Amino acid sequence: MKYSIPRGTYDILPAESYKWQAVISSFRKIAGSFGYEEITTPIFEVAELFERSSGESSDVVQKEMYRFTDRKGREFALRPEGTAPVVRSYVENHLDVLSNRTKLYYIGPMFRYDRPQAGRFRQFYQYGIEFIGSDNPYYDAEVIAIEMLWLKDLGLKNLRLEINSVGCSSCSADYDTALREFFRPLLPQLCADCNNRFDKKPRRLLDCKVPSCKALRGSAPSQLDYLDEACKAHFAIVCEHLESMNIPYTINPGIVRGLDYYTNTAFEVIYEGLGAQNSLAGGGRYNGLIEQVGGKSIPAIGFAGGFERLLLALEHEKINFAEHKTPDAYLICLGDKARSGVMAYLNALRQNGLYVEYDPDKSSLKAQFKAADATNARFAIIIGDSEIEAGTVNLKNLKTGEQQSLPLDGGEVLLHIVQGQV
RNA sequence: GUGGGUGUAGUUCAAUGGCAGAGCACCGGAUUGUGGUUCCGGGCGUUGUGGGUUCGACUCCCAUCACCCACCCCA
């Protein structure tokens with residue numbers, strides 16, 4: 001084999017393709033009913049957009065971004081996430097002038113240079129929701145509700161919603177200070193990663209998995225204790241709204257989103273049964289991002305989810321959410337006269353929306369019937385030379401074996417097949 | 001980037017260092033006009049790739065690539 005697919009990527013073959021279509025159209029439907037409209041941005045952007053928004057020190061920027069220089073020396077990156085591009089487009093196209101409430105969703109591939117693993121790829125597909133224009137906790141709850149209701153509608157059961165508040169820029173700074181005070185004396189005992197992160201992002205020390213680090217942070221201050229009054233109130237109302245929508249959640253102060261732009265609400269949807277990569281979706285509020293990208297100070301909240309993991313989860317629960325299309329009919333032809341006489345008729349059936357299979361290479365009646373069975377066609381349309389002469393077709397129901405002779409004009413056969421579908 | 005496991009036919013898997021095989025799938029046939037069952041026939045594949053050891057390597061060794069799993073990170 002001469003060429004093979006790049007590492008960490010995959011082909012969506014016809015046998016899987018119909019599932020993707022089903023899940024994507026299902027997402028479009030739920031997003032649409034909440035009033036969200038689709039936005040599509042390029043798969044690459046100026047690299048700096050991601051460096052500034054996600055944070056220079058984030059892993060995504062530091063070691064996972066596909067960067068390249070174009071022929072004129074400009075620095076670009078394949079997008080590692082969807083929010084920054086959407087915000088860039090929002091600011092660049094002055095969408096804030098059109099309305100002070102902007103509801104957007106996107107679907108498309110993202111790219112991260114990472115070691116492939118179960119549920120993790122280098123090119124992966126995300127769906128995402130962004131609400132821009134209000135700090136009202138209602139929207140935090142709405143955005144979370146879209147995801148949770150959708151996943152529930154798809155049939156997923158083992159879902160867990162975890163939420164947290166990382167505070168606004170001022171109280172999150174207070175918290176960082178408190179954390180540094182707590183960790184400073186422990187630094188010699190902490191791992192190298194923790195020491196590196198101490199200055200830039202001390203809260204990352206909270207989710208370090210090294211056992212010795214884990215043990216040392218037992219009595220570390222909690223983020224929630226350092227929220228200012230406004231942030232505390234905001235978080236409380238988000239929780240209230242979730243309760244009144246009957247969306248169960250757990251508060252997890254350990255949720256630290258990897259991207260720097262998050263403020264206040266942060267959440268993650270966990271699905272047990274996917275292995276180590278068990279996060280189906282995650283997101284949060286980003287009240288400072290739009291200004292940082294060059295727009296006005298406008299609050300916003302959003303999330304992104306992974307299609308691959310969603311499909312794995314659906315598979316895991318054996319949820320049959322999409323049916324492979326099977327032919328309405330299989331056209332069986334006998335004799336040369338019939339072969340040529342049938343072509344216009346076949347077109348007419350297809351133009352009327354019927355899915356009709358036909359194989360000119362199969363000659364024997366038996367082979368054609370076998371093929372018809374293999375495709376799971378509901379009907380066989382049998383036309384031989386004698387039918388051509390008589391101006392009739394034989395329509396056979398392959399499930400019941402019933403067969404009837406009909407005039408060769410198309411209309412009646414169509415009618416019968418469509419009726420049979422009921 | 002680090003660690004562990006695995007690479008043989010389209011696929012799932014066999015094969016003491018000694019002739020590379022089977023199930024499934026696929027194709028053809030059993031009087032070219034009525035199917036699903038059955039029966040018969042159809043397989044030399046760089047044993048992932050490149051080296052090495054050996055009279056001889058799918059088998060042992062080294063490297064490399066890919067996949068799987070985990071760390072990490074997150075979708």
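Every chain is numbered from 1, with letters handed out A, B, ... down the list of sequences. What's counted below: heavy atoms across the whole structure, side chains too, no hydrogens, waters or symmetry copies. Please read these numbers as outputs of a predicted model, since none were measured by experiment.
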Heavy atoms only, 4.0 Å cut-off, all strands: where does [X] land among base, sugar-phosphate and nothing?
X	answer
A:Gly282	sugar-phosphate
A:Asp385	base
A:Ala372	nothing
A:Gly401	base
A:Leu398	base

Can you name the atoms? Protein N/O to nucleotides 6-13 of chain B N/O, anything below 3.5 Å, with the distance.
none

Among B:C73, B:U32, B:G35, the one nearest A:Leu334 by side-chain distance: B:U32
Starting the side chain at C-beta, find the nucleotide from B:U34, B:C74, B:G29 nearest to A:Lys370. B:G29
Just checking [X] against [Y], ring centres under 6.0 Å apart?
X	Y	answer
A:Phe198	A:Phe183	no
A:Phe34	A:Trp150	no
A:Tyr106	A:Tyr127	no
A:Tyr105	A:Phe27	yes

Taking atom [atom2] of [N] as reference, at what distance in whole Å does atom [atom1] of [X] sit?
X	N	atom1	atom2	result
A:Glu64	B:A75	CD	P	10 Å
A:Leu274	B:C69	CG	C1'	14 Å
A:Gln368	B:G29	CD	P	11 Å
A:Lys362	B:C26	NZ	P	10 Å
A:Phe27	B:A75	CZ	P	15 Å
A:Lys366	B:C39	NZ	C1'	10 Å
A:Gln277	B:C71	CD	C1'	10 Å

Let's go through A:Gln277 and A:Gln117 carefully: what are the C-alpha distance in whole Å and the side-chain angles of both, what is the deciding distance for side chain to side chain contact (heavy atoms under 4.5 Å, CB included) to 0.1 Å, and is it a yes or a no? CA-CA 8 Å; A:Gln277 308 301 323; A:Gln117 195 183 324; 3.4 Å; yes
For RNA chain B, which residues in [range] have a heavy atom at a distance below 4.0 Å?
range	value
residues 111-126 of chain A	A:Arg112, A:Asp114, A:Arg115, A:Gln117, A:Ala118, A:Gly119, A:Arg120, A:Phe121, A:Phe124, A:Gln126
residues 302-316 of chain A	A:Ala304, A:Gly306, A:Arg309
residues 5-15 of chain A	A:Arg7, A:Gly8

Between [N] and [M], how far apart are the two [atom1] atoms, rounded to whole Å?
N	M	atom1	value
B:G42	B:G36	C1'	22 Å
B:C19	B:A57	C1'	14 Å
B:A22	B:G43	C1'	12 Å
B:U16	B:U12	C1'	24 Å
B:G17	B:U64	C1'	24 Å

How are the rings of A:Trp20 and A:Tyr125 set relative to one another: parallel (under 30°), tilted (30 to 60°) or perpendicular (over 60°)? perpendicular
Parallel, tilted or perpendicular, as decided by the 30° and 60° cut-offs, for the rings of A:Phe76 and A:Phe44: perpendicular
Taken in chain and number order and not counting sequence neighbours, the residues that satisfy salt bridge (charged side-chain N to carboxylate O under 4.0 Å, His left out) with A:Glu38 are A:Arg28
Any stem touching RNA chain B, meaning at least three consecutive Watson-Crick or G-U pairs under 3.5 Å, ordered by first number, would be B:1-7 with B:65-71, B:10-13 with B:21-24, B:26-30 with B:38-42, B:48-52 with B:60-64
Under a 4.0 Å N-O cut-off, is there an ion pair linking A:Lys63 with A:Asp114? no
Do A:Arg122 and A:Tyr113 meet the cation-pi criteria used here (NZ or CZ under 6.0 Å from the six-membered ring centre, within 45° of the axis)? yes
Counting N and O atoms only, with roles assigned by atom type, does the side chain of A:Arg309 sit under 3.5 Å from a partner on the main chain of A:Gly119, one being a donor and the other an acceptor? yes
Working for side chain to side chain contact (heavy atoms under 4.5 Å, CB included), residues A:Val166 and A:Asn264: CA-CA 5 Å; A:Val166 300; A:Asn264 295 94; 5.8 Å; no
Check this for me: A:Glu315, atom CD, are more than 12 non-hydrogen atoms of other residues, nucleotides or ligands nearer than 6.0 Å? no
Is a donor-acceptor contact shorter than 3.5 angstrom present between the side chain of A:Ser364 and the base of B:G29? no
Distance-only donor-acceptor check, side chains A:Glu130 and A:Tyr90, under 3.5 Å: no
Go through the steps for A:Phe50 and A:Glu81 under the test side chain to side chain contact (heavy atoms under 4.5 Å, CB included), then give the verdict. CA-CA 8 Å; A:Phe50 301 110; A:Glu81 61 102 28; 4.2 Å; yes
